[in-house]
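A quick write-up on the structure given underneath.
Lettering of chains follows the sequences in order, A, B, ..., and the numbering in each one begins at 1.
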Number of protein chains: 2
Amino acid sequence: MERLFHSVRITINDKLYVKDPESSNLGKRIVEESILMINDIGFESFTFKKLGQKIGSNESSIYRYFENKHKLLLYLASWYWGWLEYQLVFATNSIPNANTKLERAIEIMTQATEIDLAFTHINEILLNKIVINEYSKSYLTKEVDQENKEGYFVIYKRLVNRMSLMINEVNPDYPYSSSLASTIIEGALHQHFLMDHFSSLTSCNKKTTPTEYFKHLVFNTLNIK
Amino acid sequence: MERLFHSVRITINDKLYVKDPESSNLGKRIVEESILMINDIGFESFTFKKLGQKIGSNESSIYRYFENKHKLLLYLASWYWGWLEYQLVFATNSIPNANTKLERAIEIMTQATEIDLAFTHINEILLNKIVINEYSKSYLTKEVDQENKEGYFVIYKRLVNRMSLMINEVNPDYPYSSSLASTIIEGALHQHFLMDHFSSLTSCNKKTTPTEYFKHLVFNTLNIK
DNA sequence: CAAATATAATAGTATTACTATCATATTATA
DNA sequence: TATAATATGATAGTAATACTATTATATTTG
């Protein structure tokens, strides 16, 4: 299975980069090391100048790949959601039973990424942490409507919609499938954040996982016992 | 009732300001106009220099009230959550029935702020919008643990805990009350954001409110019909 | 009215987020 | 293999940001 993942390529909106980072060694190093660095010092403190120093390259060279760090974040996030989408589709498409399928989907969407499937230069564990800590900043902006029109969030939207459809399959009469889908995906990120920084605001911990919480939430809400 | 609200004063951690903005006319203008301005141009573009120009004051004078715009955001958010907490307690404390009480609590936490109760210089409608669009940025930082220790998030935490207790009153056996409480509060902000910018990711709209969605979610999850 | 305090004005600094230009590698192709 | 094309690196420069420091001028208070 790992081998299979190796050969998958996640297609990302080409407006998010100036030059495709997958097309060169430097590009891959930019992506690889930016993940480590954003995870390390946080998105606010992260700059192209610092990244250049770290990878022994030049600030101006990084600008030839990404217009600015905001677009780099959107690129990384798209990659992450694309990767999750792939896992979701791969793991659920052969499941005939709607309940079992939704259950598996919730697992995939709410689990902490624990295994690095070694997608060459991308560390999925750290990328998952970046998404938990920084993803909101990519859309909580004044430019969100314009950027949404440009298609910067398509993968994320497709993912929420897939979840929504699976919810509908389980209970076609449930009237809030889109909201429930977005609540699971965004809420899972939030619960993971709370586990790390505000433990009194979550019931989740090492024993009780967000997955358990969301499964209970969803299946009770849908009136499936 | 409006008159009553007038006399309420929300107590905010005094580490969040250098000089209490409630203590002078300039301080109040800073708070008042910063709300308008952040709402208008967004937190990223907002600067103390611009604010000074708008209120006919000087950048350096604003720094005598707030160390930086991050602390100003924390101050505004604390004020907002304190104000919501007041409304929550006021509206629910006399309700004896646990279900009715939780129902009323969900209404208060998930409704869009529509009426400006004219808390003198603070526009609650705009402040609610700021919280929807900017609040996450106040805690998605590398300094969150330190700032949490300093008590910058106490009001928010108290509010989530109040919700959690009300959930427990309805169903003492429900094992995820803290997570459900944080899901309602954070999730409500998120659903409002989606209504404004990603309508395909939410089932909520003018007719179907987030309040309706969350009531259904909570009472079904708690197995109360 | 003097003293204390608050506010305003101005200047200055380090950093950020770029853009532009030119030099030098590396790679492709004729 | 020479040359052209392209990629990368080095350096410089700019406007804005996020402050700090100092001094001047109001305003308030005792």
Side-chain angles (χ1 to χ4, degrees), chain A residues 14-34 37-38 40-76 121 134 137-138 140-143 146-147 152, chain B residues 14-34 37-38 40-76 121 134 137-138 141-143 146-147:
Chain A
D14 59 17
K15 286 175 195 154
L16 286 178
Y17 47 78
V18 183
K19 178 181 173 176
D20 185 0
E22 294 287 326
S23 72
S24 77
N25 202 268
L26 178 61
K28 282 176 198 160
R29 299 251 308 135
I30 289 170
V31 169
E32 180 178 15
E33 295 290 330
S34 69
M37 200 167 192
I38 292 172
D40 198 32
I41 65 175
F43 188 66
E44 278 69 38
S45 300
F46 170 82
T47 69
F48 282 0
K49 191 168 196 178
K50 288 177 190 167
L51 179 62
Q53 276 154 4
K54 196 182 178 191
I55 65 178
S57 176
N58 200 272
E59 195 188 2
S60 60
S61 302
I62 299 168
Y63 277 103
R64 288 209 189 80
Y65 285 85
F66 294 100
E67 261 180 68
N68 49 52
K69 68 175 180 174
H70 172 66
K71 291 233 173 144
L72 171 58
L73 179 60
L74 287 167
Y75 177 90
L76 295 177
H121 56 294
E134 322 287 359
K137 298 169 192 169
S138 77
L140 294 177
T141 68
K142 282 283 165 186
E143 296 77 33
Q146 182 55 38
E147 295 189 347
Y152 297 178
Chain B
D14 59 17
K15 286 175 195 154
L16 286 178
Y17 47 78
V18 183
K19 178 179 175 177
D20 185 359
E22 293 287 326
S23 72
S24 76
N25 201 269
L26 178 62
K28 283 175 197 158
R29 298 251 308 136
I30 289 170
V31 170
E32 181 179 14
E33 295 290 329
S34 69
M37 200 165 191
I38 291 171
D40 199 31
I41 65 175
F43 188 66
E44 276 70 39
S45 301
F46 170 81
T47 70
F48 281 0
K49 191 169 195 176
K50 287 177 191 168
L51 179 62
Q53 276 155 1
K54 194 182 178 191
I55 65 178
S57 176
N58 199 275
E59 196 187 3
S60 60
S61 303
I62 298 169
Y63 276 104
R64 288 213 187 74
Y65 285 86
F66 294 99
E67 262 180 68
N68 50 52
K69 68 175 181 174
H70 172 67
K71 291 232 173 146
L72 170 59
L73 179 60
L74 286 167
Y75 177 91
L76 295 178
H121 55 293
E134 321 286 0
K137 298 168 191 169
S138 77
T141 68
K142 281 283 165 185
E143 297 76 32
Q146 182 56 37
E147 296 190 347

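Shown here are the side chain to side chain donor-acceptor pair (under 3.5 Å) partners of Ser60(A), two or more places apart in sequence or in another chain: Asn58(A). With sequence neighbours excluded, the residues that form a side chain to side chain donor-acceptor pair (under 3.5 Å) with Glu44(B) are Lys137(B). With sequence neighbours left out, Lys50(B) forms a side chain to side chain donor-acceptor pair (under 3.5 Å) with no residue at all. With sequence neighbours excluded, the residues satisfying side chain to side chain donor-acceptor pair (under 3.5 Å) with Ser24(B) are Tyr65(B). Qualifying side chain to side chain contact (heavy atoms under 4.5 Å, CB included) partners for Glu59(A), counting only residues two or more places apart in sequence or in other chains: Phe48(A), Lys49(A), Tyr63(A). The side chain to side chain contact (heavy atoms under 4.5 Å, CB included) test applied to Ser138(A) returns Leu73(A), Leu74(A), Tyr135(A), Phe153(A), not counting sequence neighbours.
Across the protein-nucleic acid pair, Ile62(A) atom CD1 and dT16(C) atom P stand 14 Å apart, rounded to whole Å. To the nearest angstrom, C1' of dT15(C) lies 9 Å from NZ of Lys50(A). Going from atom NZ of Lys49(B) over to atom P of dT20(D) covers 15 Å, rounded to whole Å. Rounded to whole Å, atom C1' of dA17(C) lies 17 Å from atom CZ of Phe66(A). For the pair Gln53(A) CD and dG9(D) P, the interatomic distance rounds to 13 Å; values are reported in whole Å. Separating the CZ atom of Phe46(A) from the C1' atom of dT15(C) is a distance of 16 Å, rounded to the nearest angstrom. dA18(D) atom C1' lies 15 Å from atom CD of Glu44(B), rounded to whole Å. Counting to the nearest Å, the C1' atom of dT16(C) and the CD1 atom of Ile41(A) are 13 Å from each other.
The stretch residues 67-76 of chain B touches DNA chain D through Glu67(B), Asn68(B), Lys69(B), each having a heavy atom within less than 4.0 Å of the strand.
Annotation: the span from Met37(B) atom CE to Thr47(B) atom OG1 amounts to 6.0 Å, rounded to 0.5 Å.
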Are any protein N/O atoms closer than 3.5 Å to N/O atoms in nucleotides 6-11 of chain C? If there are, list each pair with its distance.
| from | atom 1 | to | atom 2 | distance (Å) |
| --- | --- | --- | --- | --- |
| dT7(C) | OP1 | Tyr65(B) | OH | 3.3 |
| dT7(C) | OP2 | Lys19(B) | NZ | 3.3 |
| dT7(C) | OP2 | Tyr65(B) | OH | 2.8 |
| dA8(C) | OP2 | Ser57(B) | OG | 2.4 |
| dA8(C) | OP2 | Ser61(B) | OG | 3.1 |
| dA8(C) | N6 | Arg64(B) | NH2 | 3.2 |
| dA9(C) | N6 | Ser60(B) | OG | 3.4 |

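Using a 4.0 Å heavy-atom cutoff across all strands shown, Tyr63(A) reaches at least one base atom of the nucleic acid.
Residue pairs meeting the salt bridge (Lys or Arg N to Asp or Glu O under 4.0 Å) criterion with at least one member in residues 62-71 of chain A, sequence neighbours excluded: Glu67(A)-Lys71(A).
Electrostatic pairing of Glu32(A) and Lys28(A) does not count as a salt bridge here, judged by no charged N lying under 4.0 Å from a carboxylate O.
Here dA2(C) sits opposite dT29(D) as a Watson-Crick or G-U wobble pair (both hydrogen-bonding atom distances under 3.5 Å).
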